[in-house]
Amino acid sequence: MTTKNEPIPLLDLRGQYEPLREEMRAVMDRVCDSQWFIGGPEVDACEKEIAAYSGCEFGIGMSSGTDALLCGMMALGIGPGDEVVVPSFTFFATAGCVSRLGATPVFADIDPDTYNLTAECVAPKLTDKTKLIIPVHLFGQCAEMDEILALASSRGIAVMEDAAQSIGSVYNGRKACSMGQLGTLSFFPSKNLGAFGDAGMIVTNDEHLAHMCKLLRNHGAEPKYYHSHIGGNFRLDALQAAILRVKLPHLDAWSIGRAENACKYNELLEDAPVKCPVIAEGNTSIYNQYVIAAPRRDELRKHLADKGISTEIYYPVPLHLQDCFRQYGGMRGDLPISEKAALEVLALPIYPELTDAQLERVAAEIRAFYE
Ligand SMILES: *Cc1c(COP(=O)(O)O)cnc(C)c1O
């Protein structure tokens, strides 16, 4: 078992794999024996199961969460001249995809407690050119969707939920991805539902958009070699789909395990001068990350690293200040909450297999740093 000074990684997937090892190897054999690698029954079943899990009718398997964002926007017809409102404080892909389509990402600030987009932050960013709002459900909890959806529908603007970090999280009784026109998921290995490589999915209740996404992920061909649209290769492969199907029935238990660890951290860090995650009323977080706001964050991170405890900064540079987005004219001071978050946030190990002793060690080292 864990000894006193053994390193604590930010994420260790071996504990999740071990009990599923035999089942995993059996489904991988099944796919190999079938020699059906692209599409087929595993992908179809995976799409149905994950769509149902997310409270949606349609699932369209994608090669990654990034490609899900890209393909979703292509299905919505986003292109040059269009503006898409995104939070500045998110993973790069959310805005990168907007740029790749020739549209303009318009960066909005966030709520200081949840780090998520709010309707209040979005409203002043809307123009006649705004075609889409992408709320990101960061770290495991949903953005305030009622307010954002009301604002969007009053202006005839579409909403696509980036739920790469929040599969299965609940907002006022509704699942992440079931509220906007489209929802996108990532199965990057570090997400709560992780594949053995890159994978993602679009989920939706809109039959037309589902059809468009299916078409576009396969170069817009229907039938084969007859192209009505210009799409790409955004396909999910059968091996990843089969692996995801083994994991899906365990997802809720894993997410609950993370939430239990979060609860323990909250207690253990009560007296430390750090801000623990704030979960908004009506939200259930799946805690893809447990992110504290910490004074002297970089020194704390170094202290923890010296003690063998791995942490990460999601994200050190808000997107409106990224070099590659300089063309959009973002300046320091434009989005103060995002900029402040980038200086303070620190993600602690939260995976469900962590022991109480490990959680206590992390918390004790944080308290010791500030004493
Ligand atoms: C991980 C992530 C993505 C991209 O997913 P990939 O599968 O890595 O392409 C997009 N948005 C957010 C918020 C993410 O965390």
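As the structure is a computational prediction, the values presented were derived from the model and not from experiment. All ligand and atom numbering here is 1-based and tracks the order in the structure.
Among protein heavy atoms, atom 3 (C) of ligand 1 sits closest to Phe91 CD2, 3.5 Å. Here the protein heavy atom with the shortest distance to atom 7 (O) of ligand 1 is Ser186 OG, 2.6 Å.
Remark: Lys175 qualifies as a cation-pi partner of Tyr53 under the 6.0 Å distance and 45° angle criteria applied to the six-membered ring.
Inclusion of Thr90 in the set of residues having an N or O under 3.5 Å from an N or O of ligand 1 is not warranted. Between Asp162 and ligand 1, at least one pair of N/O atoms sits closer than 3.5 Å. At least one N or O atom of Thr66 sits closer than 3.5 Å to an N or O atom of ligand 1.
Closest heavy-atom approach to atom 12 (C) of ligand 1 within the set Ala164, Pro189, Gly194: this belongs to Ala164.
Close contacts of ligand 1 with Val136, meaning ligand atoms under 4.0 Å from a residue heavy atom, involve 13 (C). Ligand-side atoms of ligand 1 in range of Gly65: 5 (O), 6 (P), 7 (O), 9 (O), range being under 4.0 angstrom from any heavy atom.
Taking a 4.0 Å cut-off on heavy atoms, Lys191 registers as neighbouring ligand 1.
Side-chain contact between Glu57 and Glu207 is absent, with no heavy atoms from C-beta onward closer than 4.5 Å.
Surrounding NZ of Lys275 are more than 12 heavy atoms belonging to other residues, nucleotides or ligands, all under 6.0 Å away. Under a cut-off of 6.0 angstrom, the local environment of NZ in Lys247 is crowded, with over 12 non-hydrogen atoms contributed by other residues, nucleotides or ligands.
Val84 and Leu126 fall into different hydrophobic clusters, defined by Ile, Leu, Val, Met, Phe, Trp and Tyr side-chain heavy atoms under 4.5 Å apart, directly or through other members.
Side-chain rings of Tyr315 and Phe92 stay apart, their centers remaining 6.0 Å or farther from each other.
Salt bridge annotation for Glu42-Arg245: present, with a cationic side-chain nitrogen under 4.0 angstrom from a carboxylate oxygen.
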